[in-house]
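When a ligand or atom number is given, it counts from 1 through the structure's own listing order. Count residues from 1 along the sequence. Small disclaimer: the values here were computed from a predicted structure and weren't measured.
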Amino acid sequence: MSSDKLIIFDTTLRDGEQSPGASMTRDEKLRIARQLERLKVDVIEAGFAASSNGDFECVQAIARAIKDSTICSLSRANDRDIARAAEALKGAQRGRIHTFIATSPLHMEKKLRMTPEQVLEQSRLSVRFARNLMDDIEFSAEDGYRSDIDFLARVCEVVIDEGATTINIPDTVGYAIPELYGEFIRTLREKVPNSDKAIWSVHCHNDLGMAVANSLAGVKIGGARQIECTINGLGERAGNCSLEEAVMAIKTRRDYFGLQVAIDTQHIVAASRMVSQITGFTVQPNKAVVGANAFAHASGIHQDGVLKARDTYEIMRAEDVGWSANKIVLGKLSGRNAFKQRLQELGVELDSEMEVNAAFARFKELADRKSEIFDEDILALVNDESISSVKEQYGFVSLAQHSETGERPHATIVFTVDGKEVRSQAEGNGPVDASLRAIEAHVNSGAEMVLYSVNAISGSTESQGEVAVRLQSAGRVVNGVGADPDIIVASAKAYLSALNRLQSHTDRVPAQGV
Ligand SMILES: CC(=O)SCCNC(=O)CCNC(=O)[C@H](O)C(C)(C)COP(=O)(O)OP(=O)(O)OC[C@H]1O[C@@H](n2cnc3c(N)ncnc32)[C@H](O)[C@@H]1OP(=O)(O)O
Ligand SMILES: CC(C)C(=O)C(=O)O
């Protein structure tokens, strides 16, 4: 049975839950199942109904709630487990019993304590029993990849004869190598005379970091048409094949695989976030497809390339997997083109290339001190760049403030207004608040403060404090920055510098741009 349709079987709720620490409540599983349905996953393995009453209820609830995906329950190869799975799946629009038994010499002898002939017989009887309860039956040969291929072929032939519709050959312990696993599946299928009566499936674990590669080899070389996978690659030990990686590989390299998947990829990032939030398993930033950096560019040459033509450094579109956009992250490795682009996005127009170059030089200086540069930083440094054209109406002279536990802080500030010194004082909630109130007591700007932030310029208490203040008044937004070893003085300087910009007509930042 070979077609160009690749079935995506998600086992986040079963094998994913086998990750130590990832157990989920019934409601959490239901939420994930709904998201998997939105993703248009073909089969959702909802749990292992016989393992506990709780898991039985989870499978049952999901089977009743989900209409578009097939709902599946795992069960050992015995009548009790299979009957329990069938019972839990009763309300399902489409249900599947997934029964398994180990076929490797090691598992049969040491774990099951059964002879190969007993395992063969148990497989036959289990699938026969299951098939009397349901039409859609999957049989898995646990530790299939470490099994004797001729024995495994006999088992597969027997269970297909009994009516198994999907045959899954797991690499249970993540021992496989892509080419070898692909060849194993191909040879196995050739050895099974009735192989075309079933869909062949792969289920790979990530112990050597090759679960996705092995699954894809099972498809390409082996001819499998079902991949078992999980969101974020969650699963027993090092996890399973990751759904997002396998699906995007099939979609992005359709030229190579020539296969169709039904997955609506725009829901991938939401699914990843949901699973991560529910299980508490965070996604590493450099994880393919769903990691925070998967579509982020930090170096100038890449940023320049992506801005000119995004396919220079992107093989898929961030929006296609559910990100709102790709990201240009400004930092010390960024170049002039990325910087100019960000200025444009912020609505800042500098008058000449010289001004841009000067702002860029300041940006590089700042980036050497700060790992990531935010829009506020750029706006502040651009405003500083145009300082020469800002009328210096207010200038800092000195500040004295008093604060003591249990007393309301008090500040006295001396500053210049058009060259003339004025003295003003006020109380406030803290010394910074008191100082800025003292300025306002004289200036009466009525501006609203929309941002106040303090940064240590280097990483110690001896360093300068850098304060950024953003004021909004009459539809204009301005930034002021001030630096001083005393952060209260730095705050007063930043406030006065913002007031200077508010008075100036040279400010270029539109209110809606920030
Ligand atoms: C590779 C995989 O991911 S397989 C799925 C793994 N998932 C789980 O195990 C989660 C759910 N498991 C459970 O809740 C429990 O292990 C249960 C309910 C299934 C069984 O619990 P218990 O009856 O207490 O048995 P226990 O877990 O200690 O041992 C497993 C028994 O099942 C047998 N067994 C293991 N696999 C199979 C199988 N596929 N078919 C039939 N019997 C099997 C073992 O040989 C062992 O039998 P024994 O008790 O006669 O020695
Ligand atoms: C039960 C099977 C499918 C499994 O999870 C494995 O072998 O890893």
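- In this structure, R76 forms no cation-pi arrangement with F100, as its terminal cationic atom is not both closer than 6.0 Å to the ring centre and no more than 45° off the ring axis.
- Salt-bridge check for D264 with R38: failed, with every basic side-chain N at 4.0 Å or more from each acidic carboxylate O.
- Salt-bridge formation is not detected for the pair E57/K29: no Lys NZ or Arg NE/NH1/NH2 atom is positioned less than 4.0 Å from an Asp or Glu carboxylate oxygen.
- Look at E345 and R342 and you find a salt bridge, because one of the NZ, NE, NH1 or NH2 atoms lies within 4.0 Å of a carboxylate O, short of that distance.
- With hydrogens and angles disregarded, a donor-acceptor distance shorter than 3.5 Å links the side chain of S126 to the backbone of A77.
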Steps toward side-chain hydrogen bond (donor to acceptor under 3.5 Å, both in side chains) verdict (S272, N232): CA-CA 6 Å; S272 161; N232 298 341; 2.8 Å; yes
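- A cation-pi contact, defined as under 6.0 Å to the ring centre and within 45° of the axis, links K220 to Y256.
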Between the protein and ligand 2, which nitrogen or oxygen pairs come in under 3.5 Å, and how far apart is each?
{"residue": "ligand 2", "atom": "5 (O)", "partner": "R14", "partner atom": "NH1", "Å": "3.3"}
{"residue": "ligand 2", "atom": "5 (O)", "partner": "R14", "partner atom": "NH2", "Å": "2.9"}
{"residue": "ligand 2", "atom": "5 (O)", "partner": "D15", "partner atom": "OD2", "Å": "3.3"}
{"residue": "ligand 2", "atom": "5 (O)", "partner": "H203", "partner atom": "NE2", "Å": "3.2"}
{"residue": "ligand 2", "atom": "7 (O)", "partner": "T172", "partner atom": "OG1", "Å": "2.6"}
{"residue": "ligand 2", "atom": "8 (O)", "partner": "H203", "partner atom": "NE2", "Å": "3.2"}
{"residue": "ligand 2", "atom": "8 (O)", "partner": "H205", "partner atom": "NE2", "Å": "3.0"}

Chi angles and distances behind the side chain to side chain contact (heavy atoms under 4.5 Å, CB included) call for R94, D136: CA-CA 8 Å; R94 278 184 290 272; D136 188 347; over 6 Å; no
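- A salt bridge links E142 with K111: the distance from a Lys NZ or Arg NE/NH1/NH2 to an Asp or Glu carboxylate oxygen falls below 4.0 Å.
- If you look at ligand 1, the protein residues with a non-hydrogen atom under 4.0 Å away are R14, Q18, F48, S51, L74, R76, A77, F100, I101, K111, L112, E142, T172.
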